[in-house]
Amino acid sequence: MFWDLNDTGRAEVATVWPHEFTDCGAWFTYLVCSPDDLIANRKQIETIFNDVALHGVTDDELSQTINKASAGIIMQSERPSNRLFGLGSRWLTKREHLSTDDRLDRIRSVTVDDVSSAAKTYFDGSHFNEIVVSSEEKLR
């Protein structure tokens, strides 16, 4: 999404992130763009999700993602409040301690097949809800 929407200037922001709970979670997509670009950008996001659901990701794409996620984990672990919040939260919900190295090992163990399986399960179109906020009265 970054290369297709942010880097090209079609969107100010286009990003996705997970929000996890104990036994479920949500995957959020956030888009900020001109109302004139909304329909085309939404279509591009849909195309990206559908492509991942149909074809998965490449080894290179997964490697880049794992490197980015690993860097984020390392950077977060350098702040005591982040490290201790994560440690306490995991202990309260799972009675489990995960060191930074354990978290990195888990991220690094994700495979292309894991991503493909998750995408086929969750990007089938039946799990989506959309909220649009705009100062424009007519968006569609």
Side-chain angles (χ1 to χ4, degrees):
M1 283 177 42
F2 176 82
W3 296 114
D4 289 348
L5 297 171
N6 296 46
D7 190 57
T8 61
R10 292 175 50 190
E12 290 180 46
V13 178
T15 189
V16 296
W17 72 94
H19 191 81
E20 299 122 358
F21 299 98
T22 301
D23 59 354
C24 64
W27 186 258
F28 291 93
T29 305
Y30 182 70
L31 171 68
V32 177
C33 66
S34 163
D36 294 338
D37 296 326
L38 178 63
I39 292 171
N41 287 348
R42 284 175 47 219
K43 189 73 165 160
Q44 182 61 32
I45 290 169
E46 200 174 300
T47 298
I48 292 167
F49 284 141
N50 287 339
D51 186 56
V52 172
L54 289 173
H55 307 292
V57 296
T58 65
D59 288 326
D60 188 48
E61 289 169 327
L62 181 59
S63 177
Q64 289 175 6
T65 301
I66 287 172
N67 289 340
K68 184 174 178 11
S70 296
I73 289 170
I74 292 166
M75 297 298 288
Q76 288 176 346
S77 73
E78 292 180 358
R79 297 191 66 202
S81 61
N82 285 340
R83 187 173 56 251
L84 293 174
F85 181 81
L87 183 119
S89 179
R90 185 143 198 105
W91 183 257
L92 286 173
T93 58
K94 297 214 173 223
R95 294 284 188 231
E96 175 183 61
H97 170 263
L98 278 180
S99 69
T100 299
D101 287 336
D102 293 337
R103 291 179 65 204
L104 290 170
D105 288 344
R106 285 188 179 188
I107 291 289
R108 291 174 180 151
S109 72
V110 173
T111 67
V112 168
D113 290 338
D114 294 333
V115 174
S116 181
S117 176
K120 285 178 180 156
T121 300
Y122 297 108
F123 291 169
D124 70 356
S126 68
H127 297 84
F128 291 97
N129 289 310
E130 181 178 49
I131 300 170
V132 177
V133 178
S134 173
S135 60
E136 296 287 318
E137 289 186 29
K138 188 176 181 183
L139 288 173
R140 299 173 196 236

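Note that the numbering runs from 1 along the sequence shown for the chain. Below, each value reflects all heavy atoms present in this structure, side chains not excepted, and no hydrogens, waters or symmetry copies.
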- line: Here the gap from Leu5 atom CG to Arg42 atom CZ, rounded to the nearest 0.5 Å, amounts to 13.0 Å
- prompt: Quick check: does any side chain N or O of Ser77 sit under 3.5 Å from a backbone N or O of Ile74, one acting as donor and the other as acceptor?
  reply: yes
query: Roughly how far, to the nearest 0.5 Å, is the CD1 atom of Ile107 from the NZ atom of Lys68?
result: 12.0 Å
query: Is there a donor-acceptor pair under 3.5 Å between the side chain of Asn67 and the backbone N or O of Ser63?
result: yes
- request: Could you tell me which non-hydrogen atom of Arg10 sits nearest to which non-hydrogen atom of Cys33, and how far apart they are?
  value: O-CB, 3.6 Å
Cluster link Tyr122 to Phe28, ILVMFWY, side chain under 4.5 Å: no
- prompt: Should Leu98 and Leu104 be regarded as members of a common hydrophobic cluster, given that ILVMFWY residues are connected when their side-chain heavy atoms come within less than 4.5 Å of each other, either directly or indirectly?
  reply: no
- line: The reported gap from CG in Asp101 to CZ in Arg106 (rounded to nearest 0.5 angstrom) is 13.0 Å
task: Could you pull out the closest heavy-atom pair between His97 and Trp91, with the gap in Å?
output: N-CE3, 4.3 Å
Can you give each donor-acceptor pair under 3.5 Å made by side-chain atoms of residues 110-119, sequence neighbours left out, with the distance rounded to 0.1 Å?
| from | atom 1 | to | atom 2 | distance (Å) |
| --- | --- | --- | --- | --- |
| Thr111 | OG1 | Asp113 | N | 3.4 |
| Thr111 | OG1 | Asp114 | N | 3.0 |
| Thr111 | OG1 | Asp114 | OD1 | 3.4 |
| Thr111 | OG1 | Asp114 | OD2 | 3.1 |
| Asp114 | OD2 | Thr111 | N | 2.9 |

query: Where do Asp102 and Ser99 land on the side chain to side chain donor-acceptor pair (under 3.5 Å) test, with the steps shown first?
result: CA-CA 5 Å; Asp102 293 337; Ser99 69; 3.2 Å; yes
message: Please check if the number of heavy atoms outside Phe85 that lie under 6.0 Å from its CZ is greater than 12.
response: no
Closest non-hydrogen atom pair, Arg103 against Ile73: NH2-CG1, 3.8 Å
- prompt: Any side-chain heavy-atom pair from Ile45 and Val16 closer than 4.5 angstrom?
  reply: no
message: Looking at every non-hydrogen atom in both residues, tell me the closest pair between Thr15 and Met1 and how far apart they are.
response: N-CE, 3.5 Å
- request: With rounding to the nearest 0.5 Å, note down the distance linking CD1 in Ile48 to CG in Asp4.
  value: 4.5 Å
task: For Phe49 and Thr29, work out which heavy atoms get closest and say how close.
output: CZ-OG1, 3.4 Å
message: Return the NZ to CD distance between Lys43 and Glu46, rounded to the nearest 0.5 Å.
response: 5.0 Å
query: In terms of ring plane angle, is the pair Tyr30 and Trp17 parallel, tilted or perpendicular, where the classes change at 30° and 60°?
result: perpendicular
statement: Interatomic distance, OG1@Thr47 vs CG@Asn41, rounded to 0.5 Å, equals 11.0 Å
